[in-house]
Every structure is written in structure tokens, then in C-alpha cells.
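Convention: sequence-line order gives letters A, B, ...; per-chain numbering from 1. Side chains are part of it too, since the values below use all heavy atoms of this structure and drop only hydrogens, waters and symmetry mates.
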2 protein chains.
Amino acid sequence: MGEFQRTSVAPDQRAVRRGEIVDIAAALFASKGYDATGIREIGESARLARGALYYYIGSKESLLEEIHNRVMDPLLAEAGDIAALEASAAARLRLVSEVLLQQIIHHHDHVWVFLHEYRSLTGDRRETFRRKRVEFQNIVLNLFAAGVADGEFVIEDLETAMLAFVGMHNYTYQWVRRKPGVDAETLSRRYSDIFFDGIRRR
Amino acid sequence: MGEFQRTSVAPDQRAVRRGEIVDIAAALFASKGYDATGIREIGESARLARGALYYYIGSKESLLEEIHNRVMDPLLAEAGDIAALEASAAARLRLVSEVLLQQIIHHHDHVWVFLHEYRSLTGDRRETFRRKRVEFQNIVLNLFAAGVADGEFVIEDLETAMLAFVGMHNYTYQWVRRKPGVDAETLSRRYSDIFFDGIRRR
DNA sequence: GTCTATAGGGTGATAGAC
DNA sequence: GTCTATCACCCTATAGAC
């Protein structure tokens, strides 16, 4: 039983080290691009020669896959929980906006890679990622639809509205690093104010 | 004088062929990525061996530079003309929205490369591009500021509003190819309706 | 677990024949 | 203008010693 506890509860050193390497890779991929970053560079940053590096990573593409999952999986879980809350569509969209911006701001490297390099995923990895992205967009789409059904929103085309909302948020990764001091809560409020009420004086 | 006219007015065959190769490269870079596309592939698509190809292109990076300029230069010129019109800030922003979406929809490959691969530009090329992007964003920023000065808009933070506006538009390149039949005029109207008046029922 | 050596295959760019 | 041959260098991944 002591042995069982050690393998199931104690941290797996190999998995821990692999996690560190994933973060190192995310930083390199974000600053130089996936294709332009060599396995050698990742090894140098992790202080590991190539042979030892491959003991942890398996392949370069599996690092890319894990970077994607680290952003997408918590985002999907949180957005799903928020959508299930008993609150107005506007209130729930505001919360989704905030968790999305938190990922973009606090896991900036991973999000950059996620939004820039998903085409470097191949085969099943690519298809799995595509499905998760559709799932997230559907959560947002359904919130807009719920708002229209409740008479809370007036929307000409639901899909365009969803894509405008997601696009406005996602694009944040392009500039947020150059504006330090911006926080998810403030930005979420400003985006939501614009999206729900517009900027025209009334 | 006849000879002078021929060199200054008649089309330069080399420049024409180079232009065709730039378009071929844009299509390849957009579908596979800049780093993942080889000079050999560009040559195959253009039906030219490497030696002949280099006679036209100079270098791979100069192709990337020209793809950027083909999007940015007309956009800057049109946006500058629109900003100088005597019209409300909302009307002028609506026109800027439309020319931006026209570039995104009708020069989709070039825009994809432009928004995805600008980090592969080096040295002066990169700096020149950065300046042009700032120039475009300043045109949009000044339109928002003019709207506030006229009492037409109420905006908490000008720069956030500008970035939200630009981001909502730019992100369009990610999905517009999967929705055929979308035109710049319709999309521009929908984006502007959301941005100026919001989606909440009043 | 970590290393070095190497396999097997790319890359962008240029020289020089025609 | 277009070609082939080649330069110098890079890549991901694996084998096998320690």
C-alpha cells in the first residue's frame, strides 16, 4: 500500500520535468515561431542534450499538442460551467469574456502558440484541436442565442456576432504584452460595454 | 524618346513575372506557412528551376516583404483618404471598416501571410512594416478621438476601443474562407452596428 | 537518465554552362 | 533567362555507450 501510494500520489518526476520543458518550449515557440525553433534550442534552454531531451518529450509535435491542451482544456471546462449558471446571457458572456482574457494574459506564450501555430498539428492531433475550438465557439453561440430567446439581445446574424465577440477577444494576444498593467477584469468590462451597449452617445 | 517611353511606360516583363511569383508565394505561404514552404516548391508552382527563380525574386524574404506591402500600402492610402473626408466619425469609421474587410476578403492569402508571418521579417523590413501598422492604427485612433470630441461617441479608453475595433475586423481572416458568400459591405454593416449601438435591446 | 554520434533528409542561395 | 551542380549549413529523430 505504501508503494501504491507512492506511484499514484507522489509527483512523477518525469512528468514534472516534462511539464517544465513544455513551458520552455512555449516561450521559444511564441518568440521565434514553431518551425524556426529547433529541438537543439529547447534542449539548451532546458540544459539537456538531445538524447536526454527526447526521453522526456517524445517528439516536437507532442510538445505543440500539450501547449494547445493546456490552454483549451481549462478554458472549455470553465466556459461550460459558466454556461450552466442561472444568470442572464449578458452576465454569463461577461464571465466567459473574463476567463478567456485571463488565459490570454496569464498564459500569453501558450495562447500565442495556440492561435498562431495550430496548423503545424497533423492528423488526429489537429482534428482533436479543431473539435475543441468548435465546442468553445458553440458555447458562446448558444449564449447569444439564449439572449435573443429571452428578448435580452437583438442580433441580425448569430454566427457573425459570435465570431466578432471571439475575434475581438482573441486578437488581444497581439498587443497585450506591449501594454503592461492591463488586467482581465478591466478589459473584460470594457469589451462587454462596447459589445452590449455600443460607443454611440444616447 | 521612343526608347525612353518604352522603358518607362511599357510593362517590364521581369516585374510582371515577379508579380505573378509573389501571388504564387502568397498562396503557398498562406496554406503551409512561410517557414514550411521551400524555395523549391515556389519554383515548381511557377514552373521555374531555382536558378531562374532567383533571377526574379532576389531572396525568399523579399517575397514576404512584397506580400506585406501589397496589403498595407493600398490600405494606408485608402484609410488616409477616408479620414480626410468631411463626414461624421461613425461614417468614416464605417468606410475604413469596409476597405479593411475588402482587403481581408479579396486578398485573403496576402492578408493571412501579413497577419501570421510578420515576425519572419528581419531588420529594416520589419521596422518599416511596424511603422506602417502603427500608422494605420493611428488613423483609426484619431477617428475615435474625433467622434468623442464631437460628442458623437462616449469612450472610456480610446486605445482599447481602437484595438477592439481593429481586432474584431482582423480576426475575420481566420474564418471568412469557410463561410463563402460573405461580402465586405454586409459584414462591415454588421460589425459597425454592433460596435456603435451594441446588441442589447432598448 | 544522460550522453555522443549519426542517419537520412532537408534548407536558401550561388556559380557558371548554355 | 534558364538550367544543373554544388556549397555550407540546418533539421528531427534514434542507436547505443556509459
- Task: Test the A/Lys60-A/Tyr34 pair against the cation-pi criterion, namely NZ or CZ under 6.0 angstrom from the six-membered ring centroid and within 45° of the ring axis.
- Result: yes
- Can you tell me if the side-chain N/O atoms of A/Tyr54 get under 4.0 Å from OP1 or OP2 in D/dA13? yes
- Query: To the nearest Å, how far apart are A/Lys60 NZ and D/dT12 P?
  - Reply: 4 Å
- Query: Could you state the CG-C1' distance from A/Asp35 to C/dG10, rounded to the nearest angstrom?
  - Reply: 13 Å
- Starting at atom CZ of A/Arg40, determine the distance to atom P of C/dT4, rounded to an integer number of angstrom. 12 Å
- Message: Using whole Å, what does the distance between atom P of nucleotide D/dT12 and atom OH of A/Tyr34 come to?
- Response: 8 Å
- Query: In whole Å, what is the span from the CD atom of A/Glu44 to the P atom of C/dT4?
  - Reply: 12 Å
- Task: Over 60° means perpendicular and under 30° means parallel, so classify the ring planes of A/Tyr171 and A/Tyr173, tilted if in between.
- Result: perpendicular
- Could you state the atom-to-atom distance from CD1 of B/Ile57 to C1' of D/dG1 in whole Å? 15 Å
- Which atoms form the tightest heavy-atom contact between A/His169 and A/Ser97, and what is the distance? NE2-OG, 2.7 Å
- Spacing of A/Phe29 atom CZ relative to D/dC11 atom C1', expressed in whole Å: 13 Å
- Message: I need the CD1-C1' distance between A/Ile39 and D/dA13, as an integer number of Å.
- Response: 9 Å
- In terms of the nearest nucleotide of DNA chain C, which residue is placed more toward the 5' end: A/Tyr56 or A/Arg50? A/Tyr56
- What are the two closest heavy atoms between B/Phe144 and B/Phe153, and how far apart are they? O-CD1, 3.9 Å
- For B/Leu48, which contact category applies under a 4.0 Å heavy-atom criterion: base, sugar-phosphate, or nothing? sugar-phosphate
- Just checking A/Gly51: base, sugar-phosphate only, or nothing, at a heavy-atom cut-off of under 4.0 Å? base
